[in-house]
Number of protein chains: 2
Amino acid sequence: MAPGARGSSPTSIQATVIEELRGRIISGAIEPGTPLAELALAEEFGVSRTPVREALKQLQTEGLIEIRPRVGTFVAAPSRREITELFEMKELLEGAAARLLAQRGRVPEIERLERNLRESDEAVARDDRERYAELVHEFHGLLVQGADNHKLEAHYRTLMNQLAYPRLVMTSLNQPGRALQSDREHHHVLELVIAKDGDSAERVMREHVRESRRALLAGLPLTGPSARARNGVASVP
Amino acid sequence: MAPGARGSSPTSIQATVIEELRGRIISGAIEPGTPLAELALAEEFGVSRTPVREALKQLQTEGLIEIRPRVGTFVAAPSRREITELFEMKELLEGAAARLLAQRGRVPEIERLERNLRESDEAVARDDRERYAELVHEFHGLLVQGADNHKLEAHYRTLMNQLAYPRLVMTSLNQPGRALQSDREHHHVLELVIAKDGDSAERVMREHVRESRRALLAGLPLTGPSARARNGVASVP
DNA sequence: TGGCGGTCTCTTGCATGCCACAGACACTAG
DNA sequence: CTAGTGTCTGTGGCATGCAAGAGACCGCCA
């Protein structure tokens, strides 16, 4: 039910295609606006068009690509407005997750978060941005997981996928001092969670998301990810 | 991009099938757990299996049905836990929508909400529950629309679809006095929105959702929608 | 009678071929 | 040179056929 997908044993062909394509898109391996022809993908994967079509259909429903009938299929290029909206949702969901986690008390995720922060401190200390980016992703993921609401988690994953988050985090971390500040904010949130202060945890978490968004947009060129993206590939004029 | 779908001119076959099936599911015309065979649907709609398959694929991604490979496709049967989670999300999103709407000030949606409440008052006065159920749905929809965040709206619609909300509202309205109380709560929320008191609007809206959930569960039999739903049709052991 | 094995049917997964439409390009007329 | 128009190619939409797995059902054997 969750688009995020984790472990899967009966790996059907379409599942493979979905995971592979989703991975490429959210990692930024293929840029927004890039056309994805069914036939080309089918040949690349060595399968027929059918499973590729079904994979594309699902990715469209997840909001990762756009299928224009009789024209072509393209990697979605979120407009500036959509990015704003996505961050608004991110703030909302992560804030709620922090509150819910605080209410749950001492659950396993807390310890994993503490371990995450210890590693994050080290990564920041040696200025290892790549590793820190991973840890940031994990921190937010753990927080949402710890909220113990599968629906929340599913919607959250969908959002992050649409943002192609991994691609973006690095950008925001290139702002000088952002990594250190981000790490401090994480510590603050976790303290409040452990203190079971749900209200404050939510508030601080939301502030943290706003800060990260600010850092991100500051490091982004005027227009979205790529100027060559067609006129309005992803709605909103 | 939004699963909710509204007007569509270039009606492809699969789009037709999607809308029709979605309508049947969320209205409760077909019960959770009901098997949906591709071939049967194809014959019913007078088309081939292909567009039906694609429609089913999308509905699965939306969380409305479950496709068990090589076994069959079934209308999803939300577990009790999932219903709880969905309402938690509903509370979250509608609360945020109330806040956002309050911040926007005098927008067209406000007037539509006022008109909605006038009609609601009348419906309640003459104990027309069916009409009132429609108006409730519209009220919540307008609120979310008025938040002017398309992502929020899309996720909200997905949630409501998973809940098969229209089918549920009537149940909650069968609780004695619930309609009147609900109407009052709507008035309260709208007042706060118009007063641009976002904090309070969010708080009251969230309380309203909790109340409606309470009324709903009180009118629901012990187990979910239908006991004949297979063991764990919709995950969660 | 109860448990077990095989078969048989129904389901979806996948491959393939044809079709209609969008859009680009070149050619032609003014 | 420009605007209009026709064609032509590439795309996804849809129909169809075959294959493989799951599960029910029936018969057999102890």
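In what follows, chains carry the letters A, B, and so on, assigned in the order in which the sequence lines appear, proteins first and then strands, with residues in each chain numbered from 1.
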Quickly work out the [X] [atom1] to [N] [atom2] distance and round it to whole Å.
| X | N | atom1 | atom2 | answer |
| --- | --- | --- | --- | --- |
| B/Leu41 | C/dT11 | CG | P | 11 Å |
| A/Phe74 | C/dG23 | CZ | C1' | 11 Å |
| A/Ile67 | D/dG13 | CD1 | P | 6 Å |
| B/Leu39 | D/dC14 | CG | P | 17 Å |
| A/Leu36 | D/dG12 | CG | P | 9 Å |
| A/Glu38 | C/dC14 | CD | P | 15 Å |
| B/Ile13 | D/dT16 | CD1 | P | 11 Å |
| A/Arg53 | D/dC14 | CZ | P | 7 Å |

Taking the basic N atoms (NZ, or NE/NH1/NH2) and the acidic carboxylate oxygens, is any pair closer than 4.0 Å for [X] and [Y]?
| X | Y | result |
| --- | --- | --- |
| A/Arg22 | A/Glu19 | no |
| B/Glu119 | B/Arg115 | no |
| B/Arg157 | B/Glu153 | yes |

Of A/Gln14 and A/Val71, the one whose closest DNA chain C nucleotide lies more 5':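 By nearest-heavy-atom nucleotide position, the 5'-most residue is A/Gln14.
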
Touch class at under 4.0 angstrom, heavy-atom based, for A/Leu56 against every strand present: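 No contact at all - A/Leu56 keeps every heavy atom at 4.0 Å or more from the nucleic acid.
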
Does B/Glu54 reach a base, just sugar-phosphate, or nothing at all? Heavy atoms under 4.0 Å.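 No contact.
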
Are more than 12 heavy atoms, taken from residues, nucleotides or ligands other than B/Arg112, located less than 6.0 Å from that residue's CZ atom?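 Counting other residues, nucleotides and ligands, CZ of B/Arg112 stays at 12 neighbours or fewer.
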
Look at atom CD of A/Glu130 and say whether more than 12 heavy atoms of other residues, nucleotides or ligands are closer to it than 6.0 Å.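 Check fails, neighbour count at 12 or below.
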
Side-chain touch B/His208/B/His140, heavy atoms, less than 4.5 angstrom: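 Yes - at least one pair of side-chain heavy atoms lies under 4.5 Å apart.
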
Is there a side-chain contact between B/Ile30 and B/Leu36 in this structure, where contact means two heavy atoms from C-beta onward sitting under 4.5 Å apart?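 Answer yes - side chains close enough.
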
Side-chain donor/acceptor of B/Arg70 to base of D/dG21, under 3.5 Å: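 Side chain to base: no pair below 3.5 Å.
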
Name every residue in residues 42-51 of chain A that has at least one heavy atom under 4.0 Å from any atom of DNA chain C, in order of residue number, or write none if there are no such residues.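 Contacts with DNA chain C under 4.0 Å: A/Val47, A/Ser48, A/Arg49, A/Thr50, A/Pro51.
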
